[in-house]
There are 4 protein chains.
Amino acid sequence: MSVNKVILVGNVGKDPEVKYLDNGVAVCNFSLATSETYNNKNGEKVTQTEWHNIVFWRKLAEIAETYVKKGMQIYVEGQLRTRNWEDKDGVKRYTTEIFGTSMQMLGRKADNNSEPQTNPEVAQHTVADSTEAEETDDLPF
Amino acid sequence: MSVNKVILVGNVGKDPEVKYLDNGVAVCNFSLATSETYNNKNGEKVTQTEWHNIVFWRKLAEIAETYVKKGMQIYVEGQLRTRNWEDKDGVKRYTTEIFGTSMQMLGRKADNNSEPQTNPEVAQHTVADSTEAEETDDLPF
Amino acid sequence: MSVNKVILVGNVGKDPEVKYLDNGVAVCNFSLATSETYNNKNGEKVTQTEWHNIVFWRKLAEIAETYVKKGMQIYVEGQLRTRNWEDKDGVKRYTTEIFGTSMQMLGRKADNNSEPQTNPEVAQHTVADSTEAEETDDLPF
Amino acid sequence: MSVNKVILVGNVGKDPEVKYLDNGVAVCNFSLATSETYNNKNGEKVTQTEWHNIVFWRKLAEIAETYVKKGMQIYVEGQLRTRNWEDKDGVKRYTTEIFGTSMQMLGRKADNNSEPQTNPEVAQHTVADSTEAEETDDLPF
DNA sequence: TTTT
DNA sequence: TTTT
């Protein structure tokens with residue numbers, strides 16, 4: 001009975017960091033900047049940047065490890081998740097992350113990769129963190 | 001390299017129609033109304049209603065067949081698809097549909113079902129038209 | 001060059017708290033719960049709830065003050081904003097909020113208000129935190 | 001009590017066509033392609049392209065006229081609207097359009113404009129079809 | 001820490 | 001054809 005959806009288009013702050021759990025599952029973290037520019041009451045242009053903590057798991061994490069680079073403009077769809085943890089003084093702290101479920105690299109191919117792409121399928125289409133029911137070809141849609 | 005996403009909250013116009021293909025796959029069609037009210041230049045309140053053709057396949061179609069009823073307020077997420085077909089005069093015609101990928105029944109339980117719900121899990125949570133990678137319990141998220 | 005969008009459908013955790021700035025501007029805060037249920041690896045049903053900090057300003061805040069109540073199911077559209085502040089030990093802390101730009105009360109009227117509505121126009125249509133260019137009636141759309 | 005939202009990232013099919021009504025209001029039409037690639041049951045890669053009819057009004061139309069070009073990758077947010085009209089045989093026909101409310105040009109500047117941009121503010125930030133309440137600088141958000 |  |  002609920003919807004928890006985030007849609008972002010922004011620029012990657014740093015090359016993603018990927019680590020692998022003991023069971024081989026990949027987890028990828030990086031931050032994504034979205035910016036808004038407006039004129040303040042003095043007529044000066046002000047840019048306000050938001051930094052979003054993105055987390056990808058499994059296949060999305062592996063793809064991000066290979067293809068996502070600092071500075072790229074990407075589309076991310078995901079869910080909000082607020083984790084809590086204890087800081088060094090034992091105080092409960094909260095961090096809000098975007099648990100990514102889908103990702104797109106935007107702009108032209110030449111933008112995103114200086115080298116020729118060896119796996120264009122992966123790089124150029126939406127990648128979703130799920131085993132989507134593959135549409136079979138014999139259905140009329 | 002693209003995103004095609006529709007998000008609707010509206011009211012179901014009629015009980016969904018479901019048919020089953022020879023291979024047992026369910027297909028469900030119904031229309032969903034979204035309305036906007038505004039004041040025109042004469043200060044009169046005007047309501048403008050849009051009717052959306054919704055199509056669900058497989059499990060989503062089966063769930064809609066069982067639980068979705070005329071008048072219900074639901075959330076639908078999906079993609080735009082424009083089909084073409086020939087009318088009786090052989091003229092090519094186009095129909096735009098929302099290929100639903102996720103659905104929610106909104107409002108309280110009592111709103112949506114006069115009878116007690118025998119399968120609350122199905123009725124009260126998001127249902128997606130995909131075999132989502134079930135989150136396993138041994139992962140720290 | 002960026003998009004920062006959040007779409008939530010959830011239940012209001014408490015009656016909204018509204019305060020008015022010296023210039024008369026209303027600010028409204030409340031938390032909104034979204035829940036997901038899944039089966040863990042032992043086959044047990046587990047519900048995971050996320051709490052979102054919602055902030056409304058101006059007209060949206062005033063409408064929320066009047067109509068939004070604990071328990072209601074609402075739709076919220078907005079942007080992610082992470083504020084930083086100093087805790088009592090002078091440590092920089094971060095809080096992520098949803099700066100709401102649009103809101104809808106869902107479900108039937110009877111769900112959302114025990115008393116008769118004195119201002120149904122306000123309560124029953126989308127309210128956006130902007131002075132939208134009102135569509136004039138003489139345009140063909 | 002409803003939500004009617006479309007979010008697209010795709011490529012512009014042709015340079016937008018803009019016309020001006022007698023009252024000076026600009027209306028802009030163009031089509032936007034979104035594509036999906038999947039493997040069919042024979043393991044062949046199939047690309048399915050959807051064409052969306054986009055309509056912009058007023059300022060968005062004027063900006064599109066100046067900056068949006070065939071081939072560009074853009075983000076469009078809007079609403080679904082189905083118009084009906086009579087074809088030459090007097091038959092009622094339907095056309096579904098996306099009434100755009102917000103637009104972004106994606107990718108690097110060099111992607112989208114071969115010439116230097118004379119109005120970077122307009123071209124590089126989100127443009128919404130509304131007179132948004134300008135955030136004033138004296139509010140703490 | 002990004003981008004324009 | 002819905003809903004308020």
Side-chain angles (χ1 to χ4, degrees), chain A residues 8-17 29-38 45-54 68-74 76 105-107 111-112, chain B residues 8-17 29-38 45-54 68-76 105-107 111-112, chain C residues 1-4 67 82 104-113 116-117 119-126, chain D residues 1-4 67 82 104-113 116-126:
Chain A
L8 301 173
V9 174
N11 293 92
V12 176
K14 283 188 190 167
D15 285 0
E17 291 171 18
N29 288 271
F30 63 97
S31 51
L32 189 72
T34 57
S35 303
E36 260 179 289
T37 303
Y38 61 96
K45 189 175 301 184
V46 180
T47 295
Q48 192 168 338
T49 296
E50 285 295 322
W51 285 99
H52 310 273
N53 303 310
I54 311 292
V68 173
K69 300 296 174 202
K70 174 180 174 173
M72 268 192 189
Q73 186 183 40
I74 67 171
V76 171
M105 286 163 273
L106 302 176
D111 263 351
N112 292 336
Chain B
L8 302 172
V9 174
N11 293 93
V12 177
K14 283 187 189 168
D15 285 1
E17 291 171 17
N29 288 271
F30 62 98
S31 51
L32 189 72
T34 57
S35 303
E36 259 179 288
T37 301
Y38 62 95
K45 189 175 300 183
V46 180
T47 296
Q48 193 168 338
T49 297
E50 286 293 323
W51 285 99
H52 310 274
N53 302 311
I54 311 293
V68 172
K69 301 296 174 202
K70 174 180 175 173
M72 268 192 189
Q73 185 183 41
I74 67 172
Y75 168 94
V76 172
M105 285 163 273
L106 302 176
D111 262 351
N112 292 338
Chain C
M1 302 255 298
S2 55
V3 174
N4 173 357
Y67 295 106
T82 299
Q104 297 260 9
M105 285 163 273
L106 302 176
R108 290 198 188 151
K109 198 165 74 175
D111 264 351
N112 292 337
N113 281 286
Q117 290 180 308
N119 190 340
E121 181 180 3
V122 158
Q124 293 172 31
H125 298 97
T126 304
Chain D
M1 303 255 298
S2 54
V3 174
N4 174 357
Y67 295 106
T82 299
Q104 296 260 11
M105 286 163 273
L106 302 176
R108 290 199 189 152
K109 199 165 74 175
D111 263 352
N112 292 338
N113 280 287
Q117 290 181 309
T118 53
N119 190 341
E121 180 179 3
V122 159
Q124 293 172 31
H125 298 96
T126 303

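Keep in mind that what you see is a predicted model, and the values were worked out from it rather than measured. Every heavy atom of this structure was used, including side-chain atoms; hydrogens, water molecules and symmetry mates were not.
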Exercise. What nucleic acid atoms does K70(A) come within less than 4.0 Å of, heavy atoms only: base, sugar-phosphate, or nothing?
Worked result: sugar-phosphate
For this session: Consider only side-chain N and O atoms of S31(A) and H52(A), and report whether a donor and an acceptor are under 3.5 Å apart.
Result: no
Problem set entry | Which residues share a ring pair (Phe, Tyr, Trp, His ring centres under 6.0 Å) with Y75(B), sequence neighbours left out | none
Exercise. With a non-hydrogen cut-off below 4.0 angstrom, is T34(B) in contact with a base, only sugar-phosphate, or nothing?
Worked result: nothing
Exercise. From the list dT1(E), dT2(E), dT2(F), which nucleotide is the closest neighbour of the side chain of S31(A)?
Worked result: dT1(E)
Problem set entry | Rounded distance in Å - CD (Q73(A)) to P (dT2(E)) | 16 Å
Problem set entry | Donor-acceptor contact below 3.5 Å, side chain Q73(B) vs main chain N11(B) | no
For this session: Could you please name the option among dT3(F), dT2(E), dT1(F) that lies closest to any side-chain atom of N11(A)?
Result: dT2(E)
For this session: Tell me which nucleotide among dT2(F), dT1(E), dT1(F) gets nearest to the side chain of W51(A).
Result: dT1(E)
Problem set entry | side-chain contact (heavy atoms from CB on, under 4.5 Å) partners for T49(B), two or more places apart | A33(B), S35(B), T47(B), W51(B)
Exercise. For the pair made of CG in L106(D) and C1' in dT3(E), what is the distance, rounded to whole Å?
Worked result: 12 Å
Problem set entry | Separation of atom CE in M105(C) from atom P in dT4(F), rounded to whole Å | 14 Å
Exercise. dT3(E) P sits how many Å from L32(A) CG, rounded?
Worked result: 12 Å
Exercise. Separation of Q104(C) atom CD from dT4(F) atom P, in whole Å?
Worked result: 14 Å
Exercise. Taking CE from M72(B) and P from dT4(F), how many angstroms apart are they, rounded to a whole number?
Worked result: 14 Å
Problem set entry | Atom-pair distance (CD on E50(A); C1' on dT1(E)), nearest Å | 14 Å
Exercise. How long is the line joining CG of D15(B) and P of dT2(F), in whole Å?
Worked result: 11 Å
